[in-house]
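Below is one structure; the comments refer to it alone.
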Amino acid sequence: DFIFFGQGQPEEDAQFVSQVSQEPNVLLAASLQEKGQVIFSTVKGLSAWRLSGLINKLQDNDGITRSGLTYLISTNPENPLRFFSWELRLLEMAGGIQLDTLQDEGNRLIAQGSTGLLRIPVDPATKTFWIRFQAHTNDLNRVSFVDVFHNTFDSNLIRGRIVLIGFLTEMFQDLHRTPIGWLPGLTLNANAFLTLWKHQFLKPLPQWVEWILFALAMALAAGLLCISRTLNQAAAWLAVEIAGILILIFALFEAGYKGNDMRLLLAVTWMGLLGCLQLAREKNRRAHQRQHPITM
């Protein structure tokens, strides 16, 4: 997870470039800038786009990162290259995926792999995929740069493994808000790669299914309020329904579907507030009648 800028010692740069060029399983990083330019390492010999992958992730409007890039296409009509993400490049090296066979079918990408076809559900417009977050930094085996430099680490930790190299310290402010909390950029990349590596994709729940569930939640909430005689009964029924919806959301997530969770929760919450207000008014009305009886 490095982009090498500037100029170092010529002999050391030449040795580094030679070593990277000879190793087919070493991948560098590239970054998409705000003006649409892709920035590669500037060290001579490392600027080839085939040696690099895009490390960019997308933030939603609430500032939380939930999705990763798959590829971008250059705007040069004479040479419309596809710039692949860091995770897809890594998957090509470690998983035998042939990126030159990648086909775009709108809401999914299909590529040939050593064990069959890889199908990645993506947003039709941005070609991004939802990251299935499953690992914090402490969940991953870590080796210090100092231990590597002094050769005092257990080589069995990396032998035959996929190794991600980068910074985890907060000093460089490479922190990102995710659904499981703040994560360093390297841990964010690891979660994006694990989503592809394990084929644990999240697909959007069809809208017609969402609307049916929304209508059922509204109807169920209204029915529970009708059979409730006290405020405590209404609150208990609504608590049971909310718990059931949370279980349903979790079950859909485990099945690989992600929907508009707030739509269901808002339906129950709104009906619950109306029901509680209605029962509270009814309780006050009856109390008022007991205090001021009317004789006909």
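These numbers come from a predicted model, not from an experiment. Numbering of residues begins at 1 and proceeds along the displayed sequence.
Residue Phe145 is grouped with residue Val20 when hydrophobic side chains (ILVMFWY) are merged at heavy-atom distances under 4.5 angstrom, including chains of intermediate members.
Although no hydrogens or angles enter the test, the distance criterion places no donor-acceptor pair under 3.5 Å between the side chain of Ser52 and the main chain of Ala30. At distances below 3.5 Å, not a single donor-acceptor pair connects side-chain atoms of Asp60 with backbone N or O atoms of Gly63. Checked by atom type and distance alone, the side chain of Asp174 never pairs as donor or acceptor with a backbone atom of Pro184 at under 3.5 Å.
When every heavy atom of Gly106 is checked against every heavy atom of Asp104, the shortest pair comes out as N-OD1, 2.8 Å. Minimum interatomic distance between Phe193 and Glu87 (heavy atoms only, all atoms of both residues): N-CG, 3.6 Å. Residues Ala29 and Trp86 approach most closely at CA-CD1, 4.1 Å, considering heavy atoms. Counting all heavy atoms, side chain and backbone alike, Phe5 lies closest to Thr42 at CA-OG1, 3.2 Å. Between Phe201 and Thr195 the shortest heavy-atom distance is CE2-O, 3.7 Å. Closest heavy-atom contact between Leu186 and Gly166: CD2-N, 3.7 Å.
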Stepwise side-chain contact (heavy atoms from CB on, under 4.5 Å) check, Val143 with Val148: CA-CA 7 Å; Val143 178; Val148 174; 3.6 Å; yes

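Within the model, atoms CD of Gln59 and CD1 of Ile64 stand 9.5 Å from one another, a figure rounded to the nearest 0.5 Å. In this structure, CG on Leu58 lies 4.5 Å from OG on Ser67, to the nearest 0.5 angstrom.
Lys57 pairs in a side-chain hydrogen bond (donor to acceptor under 3.5 Å, both in side chains) with only one of the listed residues (Thr128, Asn191, Thr65, Asn189), which is Asn189.
A cation-pi contact, defined as under 6.0 Å to the ring centre and within 45° of the axis, links Arg82 to Tyr71.
Between the side chains of Thr187 and Thr137, at least one donor-acceptor pair of N or O atoms lies under 3.5 Å. When only modelled atom types and interatomic distance are considered, Ser31 and Gln33 share a side-chain donor-acceptor pair under 3.5 Å.
Classified by interplanar angle (parallel below 30°, tilted 30° to 60°, perpendicular above 60°), the ring pair Phe167/Phe2 is perpendicular.
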